[in-house]
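Residue numbering restarts at 1 for every chain, and letters A, B, ... go by the order of the sequence lines.
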Amino acid sequence: MTVRKQEIMALRSVIDVSAARQKVRSWATELRFSIVDQTKIVTAASELARNTLIYGKGGTMRLEALESNAKRGLRLIFEDQGPGIPDISQALQDGFTTGGGLGMGLGGSKRLVSEFEIDSKPGEGTRIAVTKWC
Amino acid sequence: MEHIPILRMGPFLLVTIQVDMHDQLAMTLQDDLTNRISETGAKGVLIDISSLEMVDSFIGRMIGNIAGMSRVLDANTVVVGMQPAVAITLVELGLSLKGVKTALNVEKGMELLRKSLTESDIEEVGLDREETRNHGLTVCH
């Protein structure tokens with residue numbers, strides 16, 4: 001697997017979340033994702049970027065354009081140094097929220113991508129990596 | 001502060017979302033619409049999302065809130081123009097916009113709102129059905 005291109009951007013405000021969506025859209029278009037796949041990865045990015053902002057108290061999103069056996073993919077890595085997630089399996093359940101949202105963000109995003117990895121340590125932060133292959 | 005324009009068309013309010021809505025803008029729209037319904041006594045709200053390239057859980061929640069608040073204020077809400085890719089993604093995400101009326105386009109959405117008007121609504125807003133159909137646009141914001 002080769003990383004063709006990468007970029008990192010800060011997630012410090014709702015404007016950054018909106019900018020992250022637009023950046024993911026333009027990368028997915030460049031990778032010739034179908035319109036449905038573009039929409040799925042952009043929606044997952046929006047959920048995860050908002051989580052990084054609200055629960056992680058801000059952080060970063062890293063984009064990587066991937067190539068593996070003639071397949072094209074887009075990997076997004078969200079990192080924060082926030083309070084971390086005490087119970088990951090609970091956080092992945094639909095309808096679970098500590099923030100007053102719908103509780104669909106994490107579990108929902110997982111359904112929208114091809115690969116989903118989550119690492120979180122209470123008091124240290126959270127890292128979520130998602131990949132969409134086309 | 002940034003606002004999404006709300007148009008008045010007879011007894012209805014019309015909103016076309018044409019920008020990538022950040023969360024604060026979505027919250028502002030929710031407040032603005034609720035205030036406009038209460039000020040104007042509007043009987044229906046039509047939200048055109050045909051330009052929206054994505055509906056995530058936050059925007060989904062906002063749409064649900066608007067529908068709920070208008071219902072409490074005696075108005076119907078119709079969401080129109082959702083792109084097929086957005087619909088597929090929304091359902092996979094786990095949202096189905098329960099309790100929100102939808103239509104394929106603005107025309108069908110307006111028809112739905114017109115049909116939901118009662119005789120007393122028409123009397124109240126002082127319009128007959130023909131006038132309602134042809135009423136000019138008034139910009140509220």
Does a sphere of radius 6.0 Å around CD in Glu107(B) hold more than 12 heavy atoms from other residues, nucleotides or ligands, not counting ones at 6.0 Å or beyond?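 Incorrect, the count does not exceed 12.
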State whether the number of non-hydrogen atoms from other residues, nucleotides or ligands found under 6.0 Å of Lys5(A) atom NZ is greater than 12. yes
Tell me which of these, Arg50(A), Arg111(A), Gln22(A), Lys110(A), has more heavy-atom pairs under 4.5 Å with chain B than the rest. Arg50(A)
Looking only at side chains, do Thr39(A) and Glu53(B) share a donor and an acceptor under 3.5 Å apart?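 No, no side-chain donor-acceptor pair sits under 3.5 Å.
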Among side-chain atoms of Ser18(A) and Asp20(B), is any donor-acceptor pair under 3.5 angstrom?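 Yes.
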Cut-off 4.5 Å, heavy atoms of chain B, and the answer for Val42(A) is both
Is there a path of hydrophobic side-chain contacts, each under 4.5 Å between heavy atoms of I, L, V, M, F, W or Y residues, that connects [X] with [Y]?
| X | Y | result |
| --- | --- | --- |
| Val19(B) | Leu33(B) | yes |
| Ile41(A) | Ile35(A) | no |
| Trp133(A) | Ile128(A) | no |
| Leu53(A) | Met62(B) | no |
| Phe116(A) | Phe78(A) | yes |

I need the [X] [atom1] to [Y] [atom2] distance, nearest 0.5 Å.
| X | Y | atom1 | atom2 | result |
| --- | --- | --- | --- | --- |
| Met21(B) | Ser46(A) | CE | OG | 10.5 Å |
| Ile88(B) | Leu112(A) | CD1 | CG | 11.5 Å |
| Met54(B) | Gln38(A) | CE | CD | 13.5 Å |

Backbone N/O of Ser57(B) and side chain of Glu47(A): donor-acceptor pair under 3.5 Å: yes
May I ask you to test the Val55(B)-Thr43(A) pair for a side-chain heavy-atom distance under 4.5 Å? no
Non-hydrogen atoms of Val36(A) and Thr89(B) that approach each other most closely: O-OG1, 4.2 Å
Can Arg21(A) and Asp56(B) be said to form a side-chain contact (heavy atoms from CB on, under 4.5 Å), step by step? CA-CA 11 Å; Arg21(A) 281 200 288 263; Asp56(B) 64 3; 3.9 Å; yes
